[in-house]
Number of protein chains: 4
Amino acid sequence: MKKEIKQQSILLFEEKGFSETSIQDIVETLGVTKGTFYYYFSSKEQLLMDIHLSYIDDLLEHQEKIQQTQHSNREKLIQLVALLITDIANHGPSGKVFFREMRHLCEENAVEVKRKREQFRKNLESILREGVAQHEFRQGIEPEIVAFAILGITNWSYQWFNPSGEISAEHLADIYSDLVLNGIA
Amino acid sequence: MKKEIKQQSILLFEEKGFSETSIQDIVETLGVTKGTFYYYFSSKEQLLMDIHLSYIDDLLEHQEKIQQTQHSNREKLIQLVALLITDIANHGPSGKVFFREMRHLCEENAVEVKRKREQFRKNLESILREGVAQHEFRQGIEPEIVAFAILGITNWSYQWFNPSGEISAEHLADIYSDLVLNGIA
Amino acid sequence: MKKEIKQQSILLFEEKGFSETSIQDIVETLGVTKGTFYYYFSSKEQLLMDIHLSYIDDLLEHQEKIQQTQHSNREKLIQLVALLITDIANHGPSGKVFFREMRHLCEENAVEVKRKREQFRKNLESILREGVAQHEFRQGIEPEIVAFAILGITNWSYQWFNPSGEISAEHLADIYSDLVLNGIA
Amino acid sequence: MKKEIKQQSILLFEEKGFSETSIQDIVETLGVTKGTFYYYFSSKEQLLMDIHLSYIDDLLEHQEKIQQTQHSNREKLIQLVALLITDIANHGPSGKVFFREMRHLCEENAVEVKRKREQFRKNLESILREGVAQHEFRQGIEPEIVAFAILGITNWSYQWFNPSGEISAEHLADIYSDLVLNGIA
DNA sequence: GATGAATGAGTCTTCATTCAT
DNA sequence: GATGAATGAAGACTCATTCAT
């Protein structure tokens, strides 16, 4: 039941937004009552936090795996872009919720999520930095700002990219890797 | 008064979000009463629409000016990126509200705003297309997807870029133009 | 309207208790809606605080008047007992609410009310102390404890005394004055 | 277990009040679940009734013992005051709950408890009446009202008396017996 | 003896909106 | 132009209680 509530919530939060989705909305689609919701979650915010943690933890884990391989930084970057893009296909709604609704976390929780989010960015940054050191990427690029650019490109795709449309996630990932690698070559 | 209400609303919407800002909040900071609000705006949503239109219309207008010059597409692209980035410095809050709160527009208004927003994107796309035709940019790039990438890079900067920080808006615009032009060269 | 809400609330709080009286209950008997309640009071607790302050402030004011006269301490004590007893006849429900529901005030408000309540007790105590010094009352009595005894006698009457029953408030006040004065003579 | 639930409930009811204490609160402090509670008590109200009966039955029993001795009425009164005061030291929380939360009993149970409570008062009254008849106390006092005064003095001490403070329960009982006996001498 | 899942009615509170003045 | 009083619908959350296991 807990899992179902979470699943359903993600869909609704994505569709209507966190504030616009009432507990009533959530439980109604599951055919249970509000009491049931509060049996599993102590508050609406706690549910949101739960969703956030699942998402970012999963992403960090995948990132770590990529980081630990012996591949070149160029290859790692390709894989990371692919991870971010294909993630949409797999957990699309989760991602939208993640990027859009963090504001509704309480101070304490927001801090925790932000730390992890920045961890991800820092990891990406260090691939760029390493790549520059290894002369895989152009000298003089600014790793921090380029990292933001890459995240902008991939995260923005949550706003428009439809994985079941004409372009596949893999193809999009290729295009974006290409664009980025050219940009920093 | 109407202008003041709008100005104040933008700040509050940016800080707390549309749903989390009550009419009460808005009028309180201005020292007037709710009645005053409803004298100038017929609803909260209408106010949001007003904000959206000002923002996108202004952006489209600037874009048009750039488009009508005799510059190369390369140069136009540079100017467009600069427009998007420096806009943050000038109308930061407006932009955040624009990207975040569109969901709260009613169907009818949302359609109108979306049309204009897509207009902007299409214009950017045509610069790219023209540039390819003129052999200013690499053959084979996908204008539509690259346009999304550019918008991703610039729009995402709303999330992290602080115009009064170390990096100036102009510098950031340069870095990003550079990155993009290299990416599609 | 604000006054009416307060009046009605006192009656309901006395009859059913603070926690057992819902805002709904209050507004229903007045034929208005919950919104109206919150237009005048920011919370249920604030209403309770309002009631408490009216009660204790009124009592303190009367006490002060008695204290400032040139009467003997014996006479002042008689008047004070009369004040406490007749108060039931006039503001019976208020008093019950006052003694029973203070627990529902928030920390901050509770402190303020307690201070005033103790002020009243201290004033009573000083009449006793003065009376002992002036040899109006027996030497060796403990003013603090006797003060508590007097308040016990009078406050407890809120639990059983019916001013419109056989015994009048004046008569009861006489009996109690007599009892107390004999006790400390 | 049943005893533990009752014990814990008394403490919580005293601290937070009956309505403000949830079954959850009670079972949590005992490390059991709500099911357990309902295995031993059919309802929250039944638990409260249980607490009330234990308290008043115990008090009545003690009173009866005093009544059946051959002591003078004067002496009986002294012992009764001592019983009421020292009871605070021994069952303080129980007493507070008893005086404060009776309102939450259902009609039927309230009647039963009230009867016993009045029984106690009537017994006290008859000591006073007897004492007047035996010329131990002043002629003309009103036994019923004096009984209320005595109960007021002792019951009110629940509100302020701290048995582990400067004054011992025995000392307080002495002071109060003295006060009362003087008052009706 | 005891648990865990679920209920449903109720609570306080918020808020966009209306309208007579 | 602007106010103040009032509405009513909705929202998050609580809690005593039930019951199959």
Side-chain angles (χ1 to χ4, degrees), chain A residues 1-2 4-5 16 18-28 30-48 104, chain B residues 1-2 5 18-28 30-48 104, chain C residues 1-2 4-5 18-28 30-48 104, chain D residues 1-2 4-5 18-28 30-48 104:
Chain A
M1 186 79 271
K2 188 172 185 176
E4 289 159 53
I5 291 177
K16 321 202 300 170
F18 178 77
S19 293
E20 288 67 34
T21 303
S22 68
I23 306 289
Q24 192 60 257
D25 290 338
I26 297 169
V27 297
E28 233 160 49
L30 291 169
V32 293
T33 59
K34 273 187 275 194
T36 304
F37 177 92
Y38 283 96
Y39 181 74
Y40 292 106
F41 297 93
S42 64
S43 72
K44 200 182 171 189
E45 196 248 341
Q46 203 231 81
L47 161 65
L48 185 63
H104 298 105
Chain B
M1 186 79 271
K2 188 171 184 178
I5 291 177
F18 178 77
S19 292
E20 288 67 34
T21 303
S22 67
I23 307 285
Q24 192 62 257
D25 290 337
I26 297 168
V27 296
E28 232 161 50
L30 290 169
V32 293
T33 59
K34 276 194 271 199
T36 307
F37 177 91
Y38 281 94
Y39 182 76
Y40 291 106
F41 296 94
S42 66
S43 73
K44 199 184 173 190
E45 196 250 340
Q46 203 233 80
L47 161 64
L48 185 63
H104 299 105
Chain C
M1 187 79 271
K2 187 171 185 177
E4 289 159 52
I5 292 177
F18 178 77
S19 293
E20 287 66 34
T21 303
S22 69
I23 306 288
Q24 192 60 256
D25 290 338
I26 297 169
V27 297
E28 233 160 50
L30 290 169
V32 293
T33 59
K34 274 188 273 196
T36 304
F37 177 92
Y38 282 97
Y39 180 75
Y40 291 104
F41 296 94
S42 64
S43 71
K44 199 183 171 189
E45 197 249 341
Q46 203 233 80
L47 161 64
L48 185 62
H104 297 104
Chain D
M1 184 79 273
K2 188 170 185 175
E4 288 160 52
I5 292 177
F18 178 77
S19 292
E20 287 67 33
T21 302
S22 67
I23 306 285
Q24 192 61 260
D25 290 337
I26 297 169
V27 296
E28 231 161 50
L30 291 169
V32 294
T33 58
K34 276 193 272 200
T36 307
F37 177 91
Y38 281 93
Y39 182 76
Y40 292 107
F41 297 92
S42 66
S43 74
K44 199 182 172 189
E45 196 250 340
Q46 203 232 81
L47 161 64
L48 185 63
H104 298 104

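Just so we're on the same page: letters track the sequence lines, and every chain starts at 1. Side-chain atoms are counted along with the backbone in the values below, which use heavy atoms only and exclude waters and symmetry mates.
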* Give the B/S/- string for nucleotides 13-21 of chain E, one per nucleotide from 5' to 3', where a protein heavy atom under 4.0 Å of the base yields B, of only the sugar-phosphate yields S, and otherwise -. => BBSBBB---
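- Following rounding to the nearest Å, Ile5(A) (CD1) and dA6(E) (C1') show an atom-to-atom distance of 11 Å.
- In this structure, the ring-ring contact (aromatic ring centres under 6.0 Å, His included) partners of Phe41(C), at least two apart in sequence or on a different chain, are Phe37(C).
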* Could you spell out the base pairing of DNA chain F in dot-bracket, with Watson-Crick or G-U pairs whose two distances are under 3.5 Å, [ ] crossing and | to another strand? -> .||||||||||||||||||||
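- Note: Thr36(B) OG1 to Leu30(B) CG = 9.5 Å, rounded to the nearest 0.5 Å.
- Put simply, CZ on Phe41(A) is 19 Å from P on dG11(F), counting in whole angstrom units.
- For Gln46(D), the side-chain hydrogen bond (donor to acceptor under 3.5 Å, both in side chains) partners at least two apart in sequence or on another chain are Ser42(D).
- Taking atom CD of Glu28(D) as the reference point, atom C1' of dC15(F) lies 13 Å away to the nearest angstrom.
- Not counting sequence neighbours, the partners of Tyr38(C) by the side chain to side chain contact (heavy atoms under 4.5 Å, CB included) test are Ile23(C).
- Here the closest heavy-atom approach between residue Thr33(D) and residue Val27(D) is recorded as O-CG1, 3.7 Å.
- Looking at residues two or more places apart in sequence or on another chain, you find a side chain to side chain contact (heavy atoms under 4.5 Å, CB included) between Glu28(C) and Gln24(C).
- Between Lys16(A) atom NZ and dG11(F) atom C1' the separation is 12 Å, expressed in whole Å.
- The salt bridge (charged side-chain N to carboxylate O under 4.0 Å, His left out) contacts involving residues 18-27 of chain D comprise Arg103(C)-Glu20(D), Lys16(D)-Asp25(D), where partners must be two or more places apart or lie in separate chains.
- Proximity of a side-chain donor or acceptor of Lys44(B) to a complementary backbone N or O of Ser22(B) within less than 3.5 Å is not detected.
- Under 4.0 angstrom from either OP1 or OP2 of dT3(E) there lies at least one side-chain N or O belonging to Thr33(D).
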